[in-house]
Amino acid sequence: MSFEANTNLDEGPPPSAARSSPLGHLIDGLNGLGSLVIAATMVLMCADVLMRNLFNQPIEGVSEMVATSIIIIVFLQLPATLRHGRMSRADLFLDPYLLRNPRGGRRLRAVFSLFGVFACGVIAYATWPLLLRSWNNNEFLGIEGLFTFPTWPMRLVVVVGASLATLQYLLLAWQDMIDSRRSTA
């Protein structure tokens, strides 16, 4: 018997009121923005390869922009990944336990979500002073005179994405606790 819960990407979690909420629209909008950043990063890397190979003129700052875009993509898409039940996890223990003991499994899943609240909350909390410092000191990445760009937009995305992921983890924990009370087993 297979306990793979979410391998069919066309089959998402059951519809809920959260899908049509303003928070849900915001989270899904940021996910779409993350997809656009992925596309732009791919175009940039391909253009750099072409410029480097055809004209021996690489585009300045591509490595810095790609490294920064990876961080931006992760934090733009993390809340939606949680919201739609697509977060990678080891289901080897949890899914069989959830089938045998739905109430206990949901409570355990709520505890795991609370660990996610803690982890994402720490990320948001720790990044906030870095965001303020980069804004106030006008910090830049890159090589001065060749290519530079400000660091504050990346740090803002980290704070917003981690904060929304914290909120999403809280909602998941809340929902699992409510569902555990409704469970008969």
Side-chain angles (χ1 to χ4, degrees), residues 4 6-13 19 22-91 112-113 115-172:
E4 296 175 3
N6 214 359
T7 56
N8 182 355
L9 296 180
D10 294 328
E11 181 183 311
R19 289 196 188 277
L23 177 65
H25 290 300
L26 173 65
I27 288 173
D28 289 341
L30 292 176
N31 185 40
L33 182 60
S35 296
L36 292 175
V37 174
I38 291 171
T41 302
M42 290 172 40
V43 168
L44 179 65
M45 289 188 316
C46 290
D48 182 50
V49 168
L50 285 174
M51 292 294 292
R52 186 178 303 267
N53 290 326
L54 295 178
F55 305 109
N56 199 24
Q57 292 289 321
I59 300 173
E60 299 294 337
V62 168
S63 61
E64 291 89 352
M65 286 188 285
V66 169
T68 303
S69 70
I70 291 170
I71 296 166
I72 289 171
I73 291 163
V74 166
F75 283 96
L76 283 175
Q77 295 190 331
L78 178 62
T81 301
L82 292 169
R83 183 169 188 269
H84 294 289
R86 303 281 185 234
M87 190 67 161
S88 295
R89 62 181 189 189
D91 294 330
F112 289 159
S113 291
F115 280 114
V117 167
F118 175 75
C120 290
V122 166
I123 292 169
Y125 178 77
T127 306
W128 178 252
L130 300 176
L131 169 62
L132 294 178
R133 186 185 72 203
S134 66
W135 176 267
N136 291 330
N137 296 341
N138 205 19
E139 291 178 357
F140 284 85
L141 279 174
I143 300 171
E144 205 169 320
L146 288 177
F147 178 82
T148 58
F149 61 97
T151 60
W152 70 264
M154 173 190 60
R155 293 196 171 128
L156 177 63
V157 169
V158 171
V159 169
V160 169
S163 298
L164 287 173
T166 301
L167 182 58
Q168 189 61 50
Y169 267 125
L170 271 172
L171 293 172
L172 292 172

Minimum heavy-atom separation for Ala162 and Ile123, please, with both atom names.
CB-CG2, 3.8 Å
Measure from the side-chain N and O atoms of Ser134 to the backbone N and O of Leu131, and report whether any donor-acceptor pair falls under 3.5 Å.
yes
State, with a plain yes or no, whether a side-chain heavy atom of Met45 is found less than 4.5 Å away from one of Asp48.
no
Start with the C-alpha gap between Leu23 and Leu167, add the side-chain angles, then the distance that decides, and say whether side-chain contact (heavy atoms from CB on, under 4.5 Å) holds.
CA-CA 10 Å; Leu23 177 65; Leu167 182 58; 3.6 Å; yes
Surrounding CZ of Phe115 (heavy atoms of other residues, nucleotides or ligands, distance under 6.0 Å), is the total greater than 12?
no
Donor-acceptor contact present, side-chain Thr148 to main-chain Glu144, <3.5 Å:
no
Indicate the atoms forming the closest heavy-atom contact of Val66 with Ser69, along with that distance.
O-OG, 2.8 Å
To the nearest 0.5 Å, how far apart are CD1 in Ile38 and CD1 in Ile72?
12.0 Å
Do the non-hydrogen side-chain atoms of Val159 and Arg155 ever get within less than 4.5 Å of each other?
no
Are Arg83 and Leu171 side-chain neighbours, meaning at least one heavy-atom pair lies under 4.5 Å?
no
Between CZ on residue Phe149 and CE on residue Met154, distance to nearest 0.5 Å:
7.5 Å
CZ of Phe118 to OG1 of Thr166, rounded to nearest 0.5 Å, is 11.0 Å
Are the side chain of Asn53 and the backbone N or O of Val49 linked by a donor-acceptor pair below 3.5 Å?
yes
Would you indicate whether the side-chain heavy atoms of Phe147 and Ile59 approach each other to under 4.5 Å?
no
Start with the C-alpha gap between Met51 and Asn56, add the side-chain angles, then the distance that decides, and say whether side-chain contact (heavy atoms from CB on, under 4.5 Å) holds.
CA-CA 6 Å; Met51 292 294 292; Asn56 199 24; over 6 Å; no
Return the minimal non-hydrogen interatomic distance between Ala165 and Pro79, and the atom names on each side.
N-CG, 3.8 Å
Does any N or O in the side chain of Ser113 come within less than 3.5 Å of the main-chain N or O of Leu172, such that one atom is a donor and the other an acceptor?
no
In Å, rounded to the nearest 0.5 Å, how long is the span from CG of Leu50 to CD of Gln57?
14.0 Å
Supply the atom-to-atom distance Thr81 OG1 to Asn31 CG, rounded to the nearest 0.5 angstrom.
6.0 Å
Go through the steps for Gln77 and Ser35 under the test side-chain contact (heavy atoms from CB on, under 4.5 Å), then give the verdict.
CA-CA 8 Å; Gln77 295 190 331; Ser35 296; 3.2 Å; yes
I need the Leu156 CG to Thr127 OG1 distance, nearest 0.5 Å.
11.0 Å
Determine, stepwise, if the pair Leu82 / Tyr169 fulfils side-chain contact (heavy atoms from CB on, under 4.5 Å).
CA-CA 7 Å; Leu82 292 169; Tyr169 267 125; 3.4 Å; yes
Heavy atoms of Pro153 and Pro150 approach each other most closely as CD-O, 3.5 Å
Hey, are the side chains of Gln168 and Leu78 touching, using non-hydrogen atoms and a 4.5 Å cut-off?
no
Side chains of Trp152 and Asn138, heavy atoms from C-beta outward: is any pair under 4.5 Å?
no
